[in-house]
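Data block below; observations after.
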Amino acid sequence: MSDYPEDLKYSLEHEWVRKGNAALVRVGITEYAADQLGDIVFVSLPAVGESVAAGDACGELESTKSVSDLFSPVPGVVSAVNPLLETSPETINSDPYGDGWLFELELDPDADLDALLDADAYAEQAAG
């Protein structure tokens, strides 16, 4: 049993994906990643309308410790970014699976969410 929400899919780069309506997904970083980064003070997100491929660096998270690339876990077109993070980037630390989401994607038709990790497999990776 993992400490990560079971309804999400996870990437090896510590992003999560939550399936929404139709081909929309919401993307964020895991609590593990937020803890590793420390206090997040600035967020650079992809632009709405931007196409991203799985594994593409599409933004940055800046913390008091470092700057870390943000990767898209799945291919698609950015349909929304979280406006709250512009003024309150620390929300990622306090609520990584809720209000701290990063962006939404309209999935490419050939996107395969099953290629991502489930909660238990991600927990093993994070512990390893």
All heavy atoms of Val25 vs all of Val17, minimum pair found to be CB-CG1, 3.6 Å

CG (Leu85) and CZ (Phe42) are apart, to the nearest 0.5 Å, by 11.0 Å

Of all heavy-atom pairs linking Val43 and Pro89, the shortest is CG2-CB, 3.7 Å

Side chains of Leu61 and Leu37, heavy atoms from C-beta outward: is any pair under 4.5 Å? yes

Would you say Leu12 and Val74 are hydrophobically clustered, going by side-chain heavy atoms of ILVMFWY under 4.5 Å? no

Using a strict 4.0 Å threshold on nitrogen-to-oxygen distance, state whether Lys9 and Asp118 make a salt bridge. no

So CG of Leu45 and CZ of Phe103: to nearest 0.5 Å the spacing works out to 7.5 Å

In terms of heavy-atom contacts, Asp7 and Arg18 come closest through OD2-NE, 3.5 Å

Under 3.5 Å, is there a donor-acceptor pair linking the side chains of Thr30 and Tyr122?
yes

Tightest non-hydrogen contact, residues Ser72 and Cys58, listed as N-SG, 3.8 Å

Quiz prompt | Close side-chain approach of Leu105 and Leu24, heavy atoms under 4.5 Å | solution = no

- Query: When you measure from the side chain of Asn93 to the backbone N and O of Ile40, does any donor-acceptor pair fall under 3.5 Å?
  - Reply: yes

Inset, instruction - Check the pair Leu116 / Ser11 against side chain to side chain contact (heavy atoms under 4.5 Å, CB included), numbers first and verdict last. - result: CA-CA 6 Å; Leu116 297 171; Ser11 74; 4.3 Å; yes

message: Between Phe71 and His14, is the ring centroid distance below 6.0 Å?
response: no

Taking the side chain as every heavy atom from C-beta outward, state whether Val81 and Leu102 have any atom pair closer than 4.5 Å.
no

query: Does CG belonging to Asp110 count more than 12 external heavy atoms closer than 6.0 Å?
result: yes

Here the gap from Trp16 atom CH2 to Glu31 atom CD, rounded to the nearest 0.5 Å, amounts to 12.5 Å

Exercise. When you measure from the side chain of Asp69 to the backbone N and O of Glu60, does any donor-acceptor pair fall under 3.5 Å?
Worked result: no

Check: Does Ser63 reach the main-chain N or O of Lys65 with its side chain, forming a donor-acceptor pair under 3.5 Å?
Finding: yes

Any side-chain heavy-atom pair from Tyr10 and Glu15 closer than 4.5 angstrom?
no

May I ask you to decide if Ser88's main-chain N or O and Thr91's side chain share a donor-acceptor pair within less than 3.5 Å?
yes

One should read off an interatomic distance between Leu84 CG and Ile92 CD1, to the nearest 0.5 angstrom, of 9.0 Å

Nearest heavy-atom approach of Ser51 to Val77 is OG-CG2, 3.6 Å

Salt bridge (Lys or Arg N to Asp or Glu O under 4.0 Å) pairs touching residues 83-106, sequence neighbours excluded, are Arg26-Glu104

In short, Tyr97 meets Ile29 closest at the heavy-atom pair CE2-O, 4.5 Å

